[in-house]
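Notes follow the structure.
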Amino acid sequence: MMEQQDSWILRLVVSYIICLHIFIRSASGTEGFESIACCADSNYKDPLTTLNYTTDYSWFSDKRSCRQISENVSNYTSNVNVRVFDIDEGKRCYNLPTIKNEVYLIRGILPFAELSNSSFYVSIGVTQLGAVISSRLQDLGIEGVFRATKNYTDFCLVKGKVNPYISRIELRPLPEEYLHDLPNSVLKLISRNNVKGTEDEIRYPADQSDRIWKATSSPSYAFPLSSNVSNFDPKANMTPPLQVLQTALTHPEKLEFIHNDLEPEDYEYRVFLYFFELDSTVKAGQRVFDIHVNNEIKEGRFDILAGGSNYRYSALNFSANGSLNLTLAKASGSENGPLLNAYEILQVRPWVEETNQKDVEVIQKMREELLLQNQGNEVVESWSGDPCIISPWKGIACDHSNGSSVMTNLDLSSSNLKGPIPSSVTEMTNLKILNLSHNSFDGFIPSFPLSSLLVSIDLSYNDLMGPLPESIASLPHLESLYYGCNQHMSGEVPVNLNSSLTKTDWGRCKADSPKIGQIIVISAVTCGSILITLAVGVLFVCRYRLKLTPWEGFGGKNYPMATNIIFSLPASNDDFFIKSLTVSIQTFTLEYIEVATERYKTLIGEGGFGSVYRGTLEDGQEVAVKVRSATSTQGTKEFDNELNLLSAIQHENLVPLLGYCKEKDQQILVYPFMSNGSLQDRLYGEPAKRKILDWPTRLSVALGAARGLAYLHTFPGRSVIHRDVKSSNILLDHSMCAKVADFGFSKYAPQEGDSYVSLEVRGTAGYLDPEYYTTQQLSEKSDVFSFGVVLLEIVSGREPLNIKRPRNEWSLVEWAKPYIRASKIDEIVDPGIKGGYHAEAMWRVVEVALQCIEPFSAYRPCMVDIVRELEDALIIENNASEYMKSIDSLGGSNRFSIVMEKRVLPSTSSSTAESTITTQTLSQPQPR
């Protein structure tokens, strides 16, 4: 009896061990897998892959952002729900567990095609993976390969034209070989092809890494091969599943695979080719072929069986712009033609450095502390992903100047926060400004270490208690301190409080009732507003009651003049009064125009609208008269567009419209004559017009044009998009002041609720925003891209597009980018200004240009930010020029040139690294 019992126990133990072993093997097969089903009602097992998916409510608990997927796309995912992030701007991120230095695949399933041709962006950390355009079926999923830099990785959705959305997220460990020799890169999957596959899609459990292999259409001339090999046991980690390797294509001479769907920008790519010899009669040396990529041989005399195995793979790197031609051609002396089983195409993107890791850990800890008593707080709950890069967190400002971003400013004032001040705020070692005022923080103020860099602290208008800590009073860099209006704080002032603080309330509360002076000011402003409103009404009534008044022209003829009255905010942000601005647009007769131009005697230019002639008005003012030609590609729509727009705006950096003529089917616009021509003329135009501009003048011209565009983009009421920014549309007056011209294609920026979703694409080759061209979605950032090209023209003195140059120099943008990223901008600087610029000023301009020409608009700066950067660059340049002049005055005829030293340039940040000035004495004077 005992023996039977022992035997039963033994069998039970063995069974348990076997089951445990099976469980461990099963678990190890999916070790490191993360499978997230967004908005799913509960966790579930996917019937196709047998993988377990968990809901995303631990990341985002709001069920109001959940929607169901429409039937026409539901077959692309096992999850019938999608989470839509309804955000004004910024990003939302999923924080996924990873192991540092391990390679992973991350995939987002985005089946929401009914949003129709609208886009948003996806990033791994702060490295952009790409844009998602919902009208394209292939964008129902996006996939990347990356190396983890820490024990978690953010998968972020960044708002574009629409709110971002997501249905599933899948994280899978991958073989190291994917990123071999690419330590600082992310790979974006373009396609993963199962050549001549019999199944539409093969993935886990057939592929232990859960790569998705899709059957692809094959060239009609190729021959299929197949085999039921079942005992294949390869040693390489990169092996596709056996179902993929069991089919292949071959041809007696060559195989050719063409992909025309690559992005139009010039990117680096990596293609993996997988070969498995399915013909058992073929021996080593009998199937040898050459591998070509875009007509360039990448691997010669490739032999699948050369290593003694019937399986090999090859990884090839190449550059491409829009298309890929992959050709396998039979090598000389080979008995058999080439063979291919599968291949992958991946785009190489540079890894972007994230915010200082210690700062990130501290701010995430602070977020957790704040959420303990502030669940649902709009500011804190919006904190997601990297705090400094790609839409910085609300209330946070960062410094990017030393290569790694650090947080220097925390402003949570008036954020409806309560509870104790997070103790982690004292661990923010780079913080200089702290503002927690006008909240409901309670408890004691934490102590700050003496190593703190804090310059300003504002804790006023809370419910804090106790005395002011002596540690704060002793902070070495503190210049301003406010802690009044905390009724439970003691009024004691620390003995060691720095009495030389430039700004402080000494703990006193000034929240008394408004003083009589304040009442008077408020009353005056109110009355003033009423008076201004009445004045506007009177002026508009007068405008409509006025009749056209005669204007005496040549020969005693009468010419009517119409006056439009508009109101606009002044350029200065410090002036709070609205000013009226009168823009006079004169209506000329055709006879007057002919007299003024001496019957179109002097031709000064040609454009898409027509010819431009020089003329003189009766008062002696020189003008440029633009006459629409019969063969013009622009018509009445563009004429009226420019007339209406320039009747409503005026700025010193926009060419003003003096008058127009619309008579006898003629359409004529009259502008002030710009005696120094266009920027294009001065950079690389006709030899007679070309005069080398020195660097300070170029910089001043760039700043003027940027100010004009910024004015358009921030026009009160609704921003204006130029749509044809280029150097020939930047004109220079007698004092070299830049003025943006030609508003025929200009449009008001699309707004929510507009009846249209796209606009006919307009622009000029070489300047055209690739995202605008692809999506037909217009924004101010389309002008920013074009302006980035203009900046490169200014730096290099080259035209944006020139097919007479070598192939790799056709496009100015694609030619210049590699040099800038390699910190070799001396290779692109116009020889005419070499030795005549300050290195830091030049670098600022080049960095701004590089950000402007980012392929995706979300990563480009706005024109207001560009203006600030160019203003700083001009200040640096002018200061350097004054310094050089002072050296000249001391050193006689000796001149000094400023030489740029190499500088490390991050690929997507505007960080400013250190640069130095090196002076070199020259034997002869050199022009600046």
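Position 1 is the first residue of the sequence; numbering continues from there.
- For the pairing with Tyr94, the ring pair (Phe, Tyr, Trp, His ring centres under 6.0 Å) check across Phe155, Tyr152, Phe60 returns one residue only, Phe60.
- No donor-acceptor pair under 3.5 Å is formed between the side chain of Thr30 and the backbone N or O of Leu51.
- Ion pairing between a basic and an acidic side chain is recognised when a charged N comes within 4.0 Å of a carboxylate O; Glu361 and Lys150 show no such pairing.
- Between Asp210 and Arg107, at least one side-chain N (NZ, or NE/NH1/NH2) sits under 4.0 Å from a carboxylate O, which counts as a salt bridge.
- Tyr57 meets the ring pair (Phe, Tyr, Trp, His ring centres under 6.0 Å) test with no other residue; sequence neighbours excluded.
- Residues passing the salt bridge (Lys or Arg N to Asp or Glu O under 4.0 Å) test with Asp303: none are found, sequence neighbours excluded.
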**Prompt:** Would Tyr343 and Phe257 count as a ring pair (Phe, Tyr, Trp, His ring centres under 6.0 Å) if you check the C-alpha gap in whole Å, the side-chain angles of each, and the deciding distance to 0.1 Å?
**Reply:** CA-CA 10 Å; Tyr343 64 98; Phe257 303 89; 5.3 Å; yes

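- A donor-acceptor contact closer than 3.5 angstrom links the side chains of Tyr121 and Ser857.
- As summarised for Cys66 and Cys38, their two SG atoms remain at a distance no smaller than 2.5 angstrom, missing the threshold.
- Within a 6.0 Å radius of NZ in Lys298, other residues, nucleotides and ligands contribute more than 12 heavy atoms.
- With 3.5 Å as the limit, one finds no donor-acceptor pair spanning the side chains of Thr247 and Ser226.
- Not counting sequence neighbours, the partners of Gln243 by the side-chain contact (heavy atoms from CB on, under 4.5 Å) test are Glu199, Ile202, Ala206, Pro241.
- Of the N and O atoms on the side chains of Thr355 and Asp386, at least one donor lies less than 3.5 Å from an acceptor on the other residue.
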**Request:** Determine, step by step, whether Thr250 and Arg287 satisfy the side chain to side chain donor-acceptor pair (under 3.5 Å) criterion, reporting the C-alpha distance in whole Å, the side-chain angles of both residues, the deciding distance to 0.1 Å, and the verdict.
**Result:** CA-CA 10 Å; Thr250 186; Arg287 191 190 299 279; 3.3 Å; yes

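- Taking the centre of each ring, Tyr165 and Phe85 stay at or above the 6.0 Å mark.
- Ring centroid separation for the pair His251 and Phe289 does not come in under the 6.0 Å cut-off.
- By the salt bridge (Lys or Arg N to Asp or Glu O under 4.0 Å) test, Glu34 is found to be paired with no residue, residues two or more places apart in sequence or in another chain being considered.
- Partners of Lys817 according to the salt bridge (Lys or Arg N to Asp or Glu O under 4.0 Å) rule, which considers only residues two or more places apart in sequence or in another chain, are Glu265, Glu814.
- Ion pairing of Asp207 with Arg203 is absent here, as no side-chain N (NZ or NE/NH1/NH2) approaches a carboxylate O to less than 4.0 Å.
- With no hydrogens or angles considered, a side-chain donor-acceptor pair links Asn325 and Glu256 at under 3.5 Å.
- Note: Tyr269 and Tyr267 have perpendicular aromatic rings, judged against thresholds of 30 and 60 degrees for the angle between ring planes.
- Residues satisfying the salt bridge (Lys or Arg N to Asp or Glu O under 4.0 Å) criterion with Lys358, sequence neighbours excluded, are absent altogether.
- The shortest side-chain heavy-atom distance between Ser209 and Phe33 does not fall under the 4.5 Å cut-off.
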